[in-house]
Protein chains: 2
Amino acid sequence: MTKPPTAPSERAPQDLLRLDRQLCFSLNAASRAFGAVYRTLLKDLGLTYPQYLVMLVLWEHTELPVKRLGELLRLDSGTLSPLLKRLEAAGLVHRERSAQDERSVLVRLTPAGTVLREEAALVPVRIATATGFTAQEAGELRALLEKLTLALDGAAFDDGSLCD
Amino acid sequence: MTKPPTAPSERAPQDLLRLDRQLCFSLNAASRAFGAVYRTLLKDLGLTYPQYLVMLVLWEHTELPVKRLGELLRLDSGTLSPLLKRLEAAGLVHRERSAQDERSVLVRLTPAGTVLREEAALVPVRIATATGFTAQEAGELRALLEKLTLALDGAAFDDGSLCD
DNA sequence: GGGCATTTAATTGCGCACAACTTAATCGTG
DNA sequence: CACGATTAAGTTGTGCGCAATTAAATGCCC
């Protein structure tokens, strides 16, 4: 039942397979658990979790093109276009072609979208409570996650071992 | 532009909002970055990332009911049923009603599904390389994620502040 | 200025995640 | 044994994530 401590360099393939499963899986599980808590908290606001992320960006920037929104959230137009269409149907955002560059579409908060910020003010507090994390733990976790994301992004593009 | 250091107990709502965004978002981003790397690695095997997770469980347990599979992966039949149907169509698993309990469906590896394990052997190694993480870092991250998941699961169910 | 590559959104198609519901088998209690 | 409650899978519908494609505007270079 107990696993003998093994030096990293001597790990057997089975251990790697297990370790791997646990890391990618625990990340997946945590992400979905987070989503579940957000979902219950956001139900009253009529927002999904990804929609909430978009609103968070807009509450900081007020108006910005879809392109920039996608860069900030790591999402492409295939995801954002229908999502923004739903937010527009809900009356929270307005979309219009940029006058300077007619290819670009500017997303802007409506008054209703701006007001929603007040109603959403409690969400982060409740989330922080739900995690039970201290600021140190949260910071530590974020640092690890950002390091991981950076490494994985790099590997996906310029690591030859992945693209054989 | 620079943020003055503030004691956690005195954080203003805006800071909480930002911190919150960064934590849930970095988790989301890392999870999707992970998925992207797996996707490229698994393309040759004809597996999606969730399908790979199912196969990982099956490679350990050989045969088990859908119910148990769902518990291990935190997925319900709404997700697993069509996924398993696709794995069965690909010839990797076999499904049949349990004789003991006709409500239950047993999922079992086919010979092809068993053989696929050999082909998948390199995946965890490449993933480990892509993360660039030491075993310590990976362990530390997993510990934080599991603690987080546990806290979030608890909050979703028995925390009154979430269900008002 | 004309023609071609690039950029930006939108659309289409597929698979996953989840809620709500349906169906069928089993359990429990009288 | 009967009958209501519970349990396990499957189905349906909605939304997200992403690849691939399309359409339109812009930039560039001769």
Side-chain angles (χ1 to χ4, degrees), chain A residues 24-25 27-40 42-43 46-55 64-71 73-90 93 95-107 153 156, chain B residues 24-25 27-40 42-43 46-55 64-71 73-90 93 95-107 153 156:
Chain A
C24 69
F25 172 69
L27 194 56
N28 221 304
S31 181
R32 287 193 284 127
F34 233 133
V37 176
Y38 270 107
R39 202 172 304 120
T40 65
L42 294 172
K43 204 188 307 183
L47 290 176
T48 66
Y49 178 43
Q51 286 166 8
Y52 173 71
L53 293 179
V54 169
M55 293 303 288
L64 73 179
V66 173
K67 167 79 171 173
R68 181 81 187 113
L69 198 54
E71 288 170 357
L73 294 171
R74 300 173 60 95
L75 293 171
D76 65 1
S77 67
T79 299
L80 285 176
S81 286
L83 190 155
L84 291 170
K85 194 180 290 186
R86 281 184 283 271
L87 285 181
E88 188 170 41
V93 307
R95 289 186 300 165
E96 67 181 339
R97 291 275 161 190
S98 165
Q100 287 77 26
D101 186 343
E102 293 251 340
R103 291 171 303 182
S104 179
V105 167
L106 297 177
V107 183
D153 278 352
Chain B
C24 69
F25 172 69
L27 193 57
N28 219 305
S31 182
R32 287 192 285 127
F34 231 133
V37 175
Y38 270 107
R39 200 172 305 120
T40 64
L42 294 172
K43 203 188 308 185
L47 290 176
T48 67
Y49 178 42
Q51 286 167 9
Y52 173 71
L53 294 179
V54 169
M55 294 302 289
L64 74 178
V66 173
K67 166 78 171 175
R68 180 84 186 110
L69 197 54
E71 287 169 359
L73 294 172
R74 300 173 60 94
L75 293 171
D76 66 359
S77 68
T79 300
L80 286 176
S81 286
L83 189 155
L84 291 170
K85 194 180 288 185
R86 281 185 284 271
L87 285 181
E88 188 170 41
V93 306
R95 289 187 299 165
E96 67 181 340
R97 291 273 161 191
S98 164
Q100 288 77 24
D101 186 343
E102 294 251 339
R103 292 171 302 182
S104 179
V105 167
L106 296 177
V107 184
D153 278 351

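Lettering follows sequence order; numbering is per chain, from 1. Note that the coordinates shown come from a computational prediction; the quantities given were computed from them, not determined experimentally.
With rounding to whole Å, B/Lys43 atom NZ is found 7 Å from D/dA20 atom P. Protein atom CZ of B/Arg39 is 17 Å distant from nucleotide atom P of C/dC14, rounded to whole Å. Here the C1' atom of nucleotide D/dA9 and the CG atom of B/Leu64 are 14 Å apart, to the nearest Å. Atom P of nucleotide C/dC14 and atom CD of B/Gln51 are separated by 15 Å, given to the nearest angstrom. If you measure from atom CG of A/Leu69 to atom P of C/dA10, you get 11 Å, rounded to the nearest angstrom. Taking atom CZ of B/Arg32 as the reference point, atom C1' of D/dC18 lies 10 Å away to the nearest angstrom. Atom pair A/Leu75:CG and D/dA19:C1' shows a separation of 14 Å (rounding to whole Å applied). The distance from atom OH of A/Tyr38 to atom C1' of C/dA17 is 18 Å, rounded to the nearest whole Å.
A sub-4.0 Å separation between OP1 or OP2 of C/dA25 and a side-chain N or O of B/Ser104 is absent. A sub-4.0 Å separation between OP1 or OP2 of D/dA24 and a side-chain N or O of A/Arg97 is absent. Phosphate proximity of D/dT11 to B/Lys85: present, with a side-chain N or O under 4.0 Å from OP1 or OP2. Contact annotation: A/Arg103 does not reach the phosphate of D/dA23 (side-chain N/O to OP1 or OP2, under 4.0 Å).
Of the charged side-chain nitrogens involved, none lies within less than 4.0 Å of a carboxylate oxygen, so that B/Lys85 and B/Glu88 do not count as a salt-bridged pair. Ion pairing of A/Arg74 with A/Asp153 is present here, as a side-chain N (NZ or NE/NH1/NH2) and a carboxylate O approach within less than 4.0 Å.
The nearest pair of heavy atoms linking B/Pro50 to B/Leu83 is CB-CD1, 3.9 Å.
Taking every side-chain heavy atom of A/Asp76 into account, D/dC18 is the closest of C/dA10, D/dC18, C/dA19.
The residue B/Pro65 sits close only to the backbone: its heavy atoms come under 4.0 Å of sugar-phosphate atoms, none of a base. Among the heavy atoms of the strands, none lies under 4.0 Å from B/Leu80. In this structure, B/Arg68 reaches neither bases nor backbone, as no heavy-atom distance under 4.0 Å exists between it and the strands shown. Using a 4.0 Å heavy-atom criterion, one finds that A/Gln100 contacts the sugar-phosphate atoms exclusively.
Using a distance-only test at 3.5 Å, with no hydrogens or angles considered, no donor-acceptor pair links the side chain of B/Arg95 to the main chain of B/Leu106. In this structure, the side chain of B/Arg39 does not engage the main chain of B/Thr48 through any donor-acceptor pair within 3.5 Å. Without hydrogens or angle criteria, B/Asp76 side chain to B/Thr79 main chain gives a donor-acceptor distance under 3.5 Å.
For A/Ser77 against C/dA10, a side-chain-to-base donor-acceptor contact under 3.5 Å is present.
Mapping B/Val105 and A/Thr48 onto DNA chain D by nearest heavy atom places B/Val105 closer to the 5' end of the strand. The residue among A/Thr79 and B/Pro50 whose nearest nucleotide of DNA chain C lies closer to the 5′ end is A/Thr79. Ranked by how close their nearest DNA chain D nucleotide is to the 5' end, A/Arg74 and B/Ser81 are led by B/Ser81. In terms of position on DNA chain C, the residue among B/Ser98 and A/Lys67 whose nearest nucleotide sits closer to the 5' end is A/Lys67.
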